[in-house]
Each structure stands twice: as C-alpha cells, then as structure tokens.
2 protein chains.
Amino acid sequence: MSSPRRITLKELAAELGVSTASVSNAFNRPDQLSPRLRERILSEARRLGYQGPDAKARSLRTGRSQIVAVILAESLTYSLNDAVASELLSGIAEVLDAHGHTLLLLSGRQTPAKVPGSASIADGFIVYGLMPSLRLFADLPSQRPLVAVDFDIEDHASVHVDNEPAAYAIARHALATPPARPAVINLRLTEQPCNGRITSEHALLSASRTITRARLDGFQHAFVEAGIAPEAVPMWNIEENTHEVCTPVIAEILDLPDDERPDLLLCMSDRIALTALTLAEQRGLCIPEDLRITGFDGIAEGQYRAPRLTTVRQDSTEKGRIAARMVLGLDPTEPRQLSTALIIGDSCP
Amino acid sequence: MSSPRRITLKELAAELGVSTASVSNAFNRPDQLSPRLRERILSEARRLGYQGPDAKARSLRTGRSQIVAVILAESLTYSLNDAVASELLSGIAEVLDAHGHTLLLLSGRQTPAKVPGSASIADGFIVYGLMPSLRLFADLPSQRPLVAVDFDIEDHASVHVDNEPAAYAIARHALATPPARPAVINLRLTEQPCNGRITSEHALLSASRTITRARLDGFQHAFVEAGIAPEAVPMWNIEENTHEVCTPVIAEILDLPDDERPDLLLCMSDRIALTALTLAEQRGLCIPEDLRITGFDGIAEGQYRAPRLTTVRQDSTEKGRIAARMVLGLDPTEPRQLSTALIIGDSCP
DNA sequence: GGACGGTTCTGTATCGATTTAGTTAGTCTT
DNA sequence: AAGACTAACTAAATCGATACAGAACCGTCC
C-alpha cells in the first residue's frame with residue numbers, strides 16, 4: 001500500500017495507451033468518448049487509485065475553482081460565535097453546496113493585507129459588513145462577482161435589510177407606552193472602540209457603520225415623533241456582540257440608582273438585549289414592569305426562552321441565500337432590500 | 001479604468017524588461033535580488049494594478065495552497081448554527097489565520113461524492129465527528145495531513161475529550177442526590193434516525209457514534225455504581241441538536257403524568273438541557289426542586305442565564321486550536337485527549 | 001465510388017506562476 | 001593579474017490539467 005505519490009492524469013493516460021484528452025473527457029465530458037473507452041479509463045483509474053483531476057491544475061486551466069470566498073468584517077473567531085453571522089453563513093453554505101461550490105472563509109480584520117492574495121483563488125466574493133471606507137475592494141480581482149452584505153459598494157451587487165424603518169417600527173412600538181427613562185444601547189457605533197456611556201454628539205459625529213447608523217436613525221425618528229428629544233436620551237455603546245463584552249456595560253446601567261436607571265432599553269442586537277434580560281432578572285427586576293427591553297435580529301435564543309424577547313426579525317439565512325445566488329449569477333445583481341418583521345414578545349409587550 | 005483582464009507576472013516582467021524569475025523573487029524572496037530592482041518591480045506592479053502572483057498558479061506549481069479543509073459530519077447549515085461546532089471552527093480559524101492559512105468549509109453530509117474533488121486543493125484536512133465507517137477518508141489524498149476531531153482513524157492524528165470519564169463524573173454528581181425517576185436524553189445515538197423514546201436494547205445495539213456511545217457508557221457506569229439498573233432508566237433520543245428538534249421530544253417527556261415525569265434529566269448536550277430548562281420553566285416546574293437537569297459541552301448560553309446549567313465544560317475552541325496546529329505540523333500528531341471540567345450550576349446543584 | 005457527415009480519439013498549446021541550474025559582472029585575494 | 005568568490009540576474013523546465021483543431025475511421029447516400 002505504499003503509494004509514494006498521487007498518480008497524475010498523464011500517467012494514467014500513458015498506462016492505458018490513450019491520450020490525456022480522452023482521460024480528461026472521461027471525467028468531464030462523457031459525451032466526447034465512447035462508453036466503452038470511458039469505462040475502461042474509469043476502471044483503470046480506480047485500480048491505480050487515481051482520485052480524479054487535480055483541483056489546483058484544473059482551476060488554473062479553467063480559471064474557475066468552484067470556490068466562493070466569504071470575507072467577514074470581524075475576526076473569524078468572533079463571527080463564528082455570533083448567531084447572526086452564523087445564520088448568514090449557513091444560508092450561503094446551503095446555496096453554494098447545492099450548486100457544487102465550496103466556501104472559503106476569510107477575515108477582513110486579521111489579515112487585511114493577505115486577503116487579496118488568498119482570495120484570488122475564488123470565483124467570487126461575498127463581503128459582509130465591512131466598512132465601505134476600507135479599500136480592500138480595490139485590491140480584489142475586479143473581474144469576478146462581488147456581493148456586499150449589509151452595506152453598499154458602488155458598481156456591485158448588495159443585499160441588506162431595511163434597518164432604518166425596522167428600527168423605527170420597534171422603537172415606535174416601545175414608545176407607545178411612554179417610558180420615564182428610555183435609553184439606547186448601540187453596537188459598534190463609534191469610529192474608535194468604546195465600551196460604555198457615550199454622548200449623543202459623540203455618536204452623531206463618529207457613526208460610520210451603515211447598519212448601526214441606520215438603526216439609530218430609526219430610533220431617533222421615533223423619539224422625535226413621541227415628543228422626546230433624542231439628545232436627552234442617554235446612550236451607551238458596545239464594541240463586540242458577546243456576553244463577555246456586554247456584561248460589564250449593562251451591569252453599569254442596571255446598577256444606577258433607581259431614579260436614574262432606565263425603564264426602557266432599546267438595544268441594537270439580541271445579544272445585548274438578552275444579556276440585559278439575564279442581568280436584570282438576576283437583580284430581581286421584573287420584566288416588563290420595571291424594565292422593558294427590545295432587541296434586534298431575531299436570533300433563536302431570544303425566542304426559545306421566557307420571557308420572549310421583543311425584537312425585529314431579520315432573516316439572515318435568507319440574506320445569505322440571496323447573496324450566494326447573486327454571486328453565482330443565479331439571481332439578478334441589483335441591490336436587494338429584504339424586509340423585516342416586528343416580533344412582539346414579553347420583554348416589551 | 002477599463003482593465004479588461006488581470007495582468008500577469010509575465011506581462012509585468014516584459015513591461016519592465018526583466019525576467020519572470022526576478023518578478024517572482026520580488027514578491028517571494030527579497031533576498032534574491034537587489035533592493036533597487038525589487039522596488040522598481042513593486043512600484044511598477046502597483047502602477048499597473050498587478051495584484052501579486054495568482055493563487056491558482058502558485059498552488060499548482062508549489063503544491064501548497066495555504067488552504068486547510070474542514071470537513072464536517074453534519075450539514076454546514078446545521079454546523080454553523082451549533083455552538084460546539086462553531087467554537088471548534090473558531091479555534092481552528094484562529095490558528096490557521098495566525099499562520100497565513102485559510103479555511104475551506106466542506107460538509108461530509110451533503111456532497112460526500114464531491115468532497116475528495118473539492119478537497120484536493122487543500123494542504124491538509126480536519127475532519128470533525130464523522131463516523132469512522134464512512135469510507136470518505138480512503139478517497140482523500142493520502143499524502144497530506146489529516147486530523148480527526150472527536151473520533152479516531154487509524155494512522156492519523158486525532159484530538160478529542162475524555163467523554164466517558166466526564167459523563168461518569170457528571171452523572172455521579174447528579175446521582176449523589178438519589179433521584180426518584182432519572183432519565184437520559186441521548187443525542188444521535190442510534191444508527192437510524194429517531195426522535196423520541198428508545199428502549200435500552202435498541203440503544204445498546206445500534207450505538208455507533210463514538211462520542212455518544214462514550215457518554216452513555218459514562219452515565220451507565222454511574223448508574224450501576226449508584227445501585228440503579230441502567231436498563232430501568234428510560235431513555236429518549238434526539239437526532240439534531242437544535243431547538244426545533246428538541247422541543248417536541250422534551251415536551252413529550254415533561255408532559256408525562258406527575259408520577260411518571262422524570263425528576264432528573266441527564267442530557268447529552270447543553271442545547272438539549274437548555275431546551276428542557278426553558279420548557280420546564282414554562283410549565284411552572286421548579287428547578288432544581290421538581291426537576292434537576294444536566295447538560296454537556298459548557299456552551300456560553302448555559303452559563304449566562306439563571307439558573308446556570310450544571311454541565312461538563314469541554315473546551316472546543318482549544319480542541320480546534322490543537323487540531324489546526326496538528327494539521328499545520330506545529331504540534332506532534334500523536335492522539336491527544338483533552339480533559340474536561342465539571343461545572344456545578346444551579347440546574348443540578 | 002467518391003463526397004459527406006458524424007463519431008471517436010489524439011497532439012499540443014496553454015493557464016500563471018516557481019525554481020533549478022547557469023550566466024554575467026563585479027569584488028576580493030594573494 | 002589570475003583565480004576564487006559572491007551577488008544579481010536570467011533561461012527554460014515544470015506543476016497537472018483542459019480544450020482546441022484536426023486526424024482517423026466508419027457508414028450512408030446519390
């Protein structure tokens with residue numbers, strides 16, 4: 001069983017006394033040769049342990065690799081543990097897999113310089129949540145399709161949800177019962193990292209992420225409509241959508257004296273909202289009597305618990321499917337906006 | 001701005017009037033040419049928009065692609081939404097990224113036939129949780145490193161946790177307070193899919209997954225030691241570690257008449273245990289007075305809630321890191337067994 | 001019987017890089 | 001000043017396939 005080296009198509013052809021073209025055709029275009037010869041080739045291939053045409057050589061020759069690169073804004077370590085990113089990826093994977101493609105995972109964060117190099121193997125790109133300011137795109141092979149998810153790039157396909165109206169809708173719902181002390185917890189709003197209280201000028205000045213910006217706009221629109229001055233609403237910011245990072249910031253909020261502690265928290269993600277829910281419960285606060293909480297995203301964890309989270313459901317899996325279909329050229333590549341659904345749970349009825 | 005086609009190294013060399021070797025060296029081996037020439041080449045490359053050596057061609061020539069394929073037993077759609085698999089992937093990604101490699105995601109489930117073909121581009125393989133019976137391995141290029149996670153294959157590196165002793169430990173802890181009606185909820189124990197009650201003979205006969213089998217052995221060992229006949233303990237099985245699939249099975253268990261309803265649930269995963277916890281709370285059962293519940297895995301969701309889940313913590317991220325280090329040849333490839341930690345939470349104090 | 005058409009199969013250029021062996025030029029020794 | 005080194009650069013083979021243009025063969029039809 002000592003196969004010192006993988007056998008090549010050429011060697012297989014020589015062994016059989018046929019041309020390499022025929023062997024190649026036996027694997028790729030059965031109609032180009034007689035069934036008899038094809039069978040002979042395939043059985044000899046099996047006998048010699050030939051695994052079929054080498055993917056590296058094939059992709060060089062044909063120019064296609066059947067690989068789609070997904071470039072994520074955050075680190076892979078973070079993204080893979082984030083429910084929303086995971087849903088997106090699973091939608092992408094579903095479609096790619098169904099069409100014989102595979103998924104190459106890259107992070108725009110950890111190795112920005114290397115991305116174009118590693119990526120050049122891919123047939124197309126799906127870029128998730130990157131700041132448009134990053135000039136990464138300029139370095140990606142420009143002939144291949146690129147789909148932006150959750151933001152826009154000129155001259156490229158994109159898919160995202162209607163963040164602004166969705167945020168407006170949930171805030172409107174929440175404000176229908178007038179809060180005494182509303183507050184907003186943002187996610188990655190500011191240009192430079194910051195975990196904790198932020199002023200509203202600070203927020204307005206430095207908001208760069210399109211999604212976050214849109215959600216905040218939606219909230220503020222609803223505030224104005226409810227007769228509340230947006231700049232009077234205290235805001236916090238959180239840098240990373242994880243339990244670890246959310247916990248201290250939210251603890252700070254909930255540990256304020258009773259007459260300062262918010263009675264309504266509009267959170268920019270379900271992770272933030274769920275952490276708030278847990279910490280509030282631990283402090284013996286009653287939900288929703290003492291504190292109402294809203295999320296954003298509609299992840300499973302928020303719906304399979306009591307109290308159920310009031311949130312906006314965005315179908316990230318479907319977003320992934322569409323992005324994948326676009327990158328494979330199965331869907332038109334015009335910018336696509338998905339709608340969301342307001343889920344009224346028990347955390348803010 | 002109409003670059004009709006990506007420029008090649010050869011064209012760049014011609015443009016500069018130097019050999020292709022020098023251009024290649026400018027990118028890969030700075031020590032092989034004068035700084036002056038190198039700078040000239042790099043700046044001309046920038047000017048012409050040359051993105052560096054093409055990954056496809058390079059990988060053909062060098063035989064290395066800087067890509068590691070991760071082959072998951074379950075569908076990608078499922079795996080990406082599973083906390084344990086995600087943690088594993090994030091550990092893998094962390095190490096690969098740090099060493100300039102990227103991660104290609106494949107599912108052993110959806111396209112088993114295509115796996116070897118797509119995979120042949122990779123420098124190495126990490127295979128997660130596949131049944132050893134699958135003959136997939138035989139078809140993977142045998143010269144390249146392969147690391148098995150959570151199971152063993154002959155002649156290959158592997159890394160897993162001590163499932164049997166860990167299961168024994170948590171069951172022993174739970175049984176220290178004698179339960180009136182203990183029960184076990186298995187995960188993917190049986191050969192043919194089955195969601196619901198299973199008999200213990202059924203379980204013993206068809207258990208094929210090594211992890212599940214080991215965990216059940218650990219539980220049963222503890223039962224025997226506590227003077228409980230394992231075959232008298234009712235068992236259920238769940239096919240997929242998701243809220244959707246767990247919910248009806250667990251509802252069936254919790255909706256048994258009071259005198260049949262278990263007062264201790266040993267669950268094979270945190271997902272199962274957490275679903276049980278939620279459903280029990282919804283039914284007004286007191287945890288742990290009316291019902292004690294244990295999990296397995298130690299996912300974050302179980303620790304950031306009240307009551308905290310009693311479970312076994314396995315560090316899947318670390319498992320991923322080690323697998324990645326093995327596949328890159330940074331760690332010795334001897335079979336590696338990681339230890340676990342018993343976490344005594346509030347769901348079974 | 002020769003022109004024609006259709007299969008079946010082959011020879012070879014090509015994809016875009018890397019790398020070995022080798023050339024040229026310049027520097028250092030003694 | 002000849003020989004020995006070294007640094008800087010190049011020519012060309014090579015990685016393993018694919019796909020085009022064309023050759024060989026066979027049967028058919030007028």
Side-chain angles (χ1 to χ4, degrees), chain A residues 5-42 44-45 48-66 116-123 141 143-144, chain B residues 5-42 44-45 48-66 116-123 141 143-144:
Chain A
R5 202 173 46 78
R6 198 167 180 274
I7 198 181
T8 71
L9 182 146
K10 198 165 154 188
E11 289 162 353
L12 177 57
E15 193 75 29
L16 282 156
V18 302
S19 75
T20 61
S22 290
V23 178
S24 175
N25 286 332
F27 283 96
N28 302 313
R29 314 199 301 198
D31 56 310
Q32 295 293 304
L33 76 177
S34 66
R36 213 173 100 59
L37 178 57
R38 180 170 137 92
E39 201 33 67
R40 195 158 74 87
I41 292 173
L42 293 180
E44 183 72 358
L48 295 177
Y50 177 68
Q51 297 300 343
D54 179 78
K56 296 196 256 283
R58 164 183 292 182
S59 71
L60 171 60
R61 181 60 238 241
T62 61
R64 271 159 298 104
S65 58
Q66 309 286 96
S118 326
S120 71
I121 204 164
D123 293 344
Q143 278 69 46
R144 276 165 269 176
Chain B
R5 202 173 45 78
R6 200 168 178 274
I7 198 181
T8 71
L9 182 146
K10 199 165 151 188
E11 289 162 353
L12 177 57
E15 194 74 29
L16 282 157
V18 301
S19 77
T20 61
S22 290
V23 178
S24 175
N25 285 333
F27 283 96
N28 303 313
R29 313 195 303 196
D31 56 310
Q32 295 292 304
L33 75 176
S34 66
R36 210 172 101 60
L37 178 57
R38 181 170 136 92
E39 200 34 67
R40 195 158 74 87
I41 292 175
L42 293 180
E44 183 73 359
L48 295 177
Y50 177 68
Q51 297 300 341
D54 179 79
K56 296 197 256 282
R58 164 183 291 183
S59 72
L60 170 60
R61 180 60 237 240
T62 62
R64 272 159 297 105
S65 58
Q66 310 286 93
S118 327
S120 72
I121 206 165
D123 293 343
Q143 279 69 44
R144 276 165 271 177

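Here is the naming used below: chain letters follow the sequence lines, and residue numbers restart at 1 for every chain.
Residues A:Arg144 and A:Ile121 come closest through the heavy atom pair NH1-C, 4.2 Å. Between B:Tyr50 and B:Thr8, the closest heavy-atom pair is CE1-C, 3.7 Å.
Computed from coordinates, the B:Arg36 CZ to D:dA8 P distance equals 12 Å when rounded to whole Å. The interatomic distance linking A:Ile41 (CD1) with D:dA17 (C1') rounds to 15 Å, in whole Å. Summarising the geometry, the separation between CG on A:Asp54 and P on D:dT18 is reported as 9 Å, rounded to the nearest angstrom. With rounding to whole Å, B:Ile121 atom CD1 is found 13 Å from D:dA17 atom P. Distance CG (B:Leu60) to C1' (D:dC15): 4 Å, rounded to an integer number of Å. We find that CG of A:Leu9 is positioned 12 Å from P of D:dA19, with the value rounded to whole Å. Straight-line distance from the NZ atom of B:Lys10 to the P atom of D:dA11: 13 Å, rounded to whole Å.
Contacts between residues 18-30 of chain B and DNA chain D, counted as heavy-atom distances below 4.0 Å, involve B:Val18, B:Ser19, B:Thr20, B:Ala21, B:Ser22.
For A:Ser59, there are no side chain to side chain donor-acceptor pair (under 3.5 Å) partners two or more places apart in sequence or in a different chain. Taking the side chain to side chain donor-acceptor pair (under 3.5 Å) definition, one finds that B:Asp54 meets it with nothing, sequence neighbours left out. In this structure A:Glu44 satisfies the side-chain contact (heavy atoms from CB on, under 4.5 Å) test together with A:Leu12, A:Glu15, A:Leu16, A:Arg47, A:Leu48, sequence neighbours excluded. Taking the salt bridge (charged side-chain N to carboxylate O under 4.0 Å, His left out) definition, one finds that B:Glu39 meets it with B:Arg46, sequence neighbours left out.
Here the NZ-OG1 distance, from A:Lys10 to A:Thr20, works out to 8.5 Å after rounding to the nearest 0.5 Å.
For B:Tyr50, a side-chain nitrogen or oxygen approaches OP1 or OP2 of C:dA17 to under 4.0 Å. B:Arg58 has a side-chain polar atom (N or O) that falls below the 4.0 Å cut-off from OP1 or OP2 of C:dT18.
When each of A:Arg61 and B:Arg38 is assigned the nucleotide of DNA chain D with its nearest heavy atom, B:Arg38 is the one assigned upstream, toward the 5' end.
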Taking only distance into account, with no hydrogens and no angle test, what donor-acceptor pairs under 3.5 Å do side-chain atoms of residues 23-36 of chain A form with protein atoms, sequence neighbours excluded?
residue : atom : partner : partner atom : Å
A:Ser24 : OG   : A:Asn28 : ND2          : 3.4
A:Asn25 : ND2  : A:Ala21 : O            : 3.2
A:Asn28 : OD1  : A:Arg58 : NH2          : 2.8
A:Asn28 : ND2  : A:Ser24 : O            : 3.2
A:Ser34 : OG   : A:Leu37 : N            : 3.2

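With the end axes of the helix from C:dG1-D:dC30 to C:dT30-D:dA1 each set by five pairs, the angle from one to the other reads 50° at 10° resolution.
Checked by atom type and distance alone, the side chain of B:Ser120 pairs as donor or acceptor with a backbone atom of A:Ala55 at under 3.5 Å.
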Report all interatomic pairs (protein N or O, nucleotide N or O of nucleotides 5-8 of chain C) with separations under 3.5 Å.
none

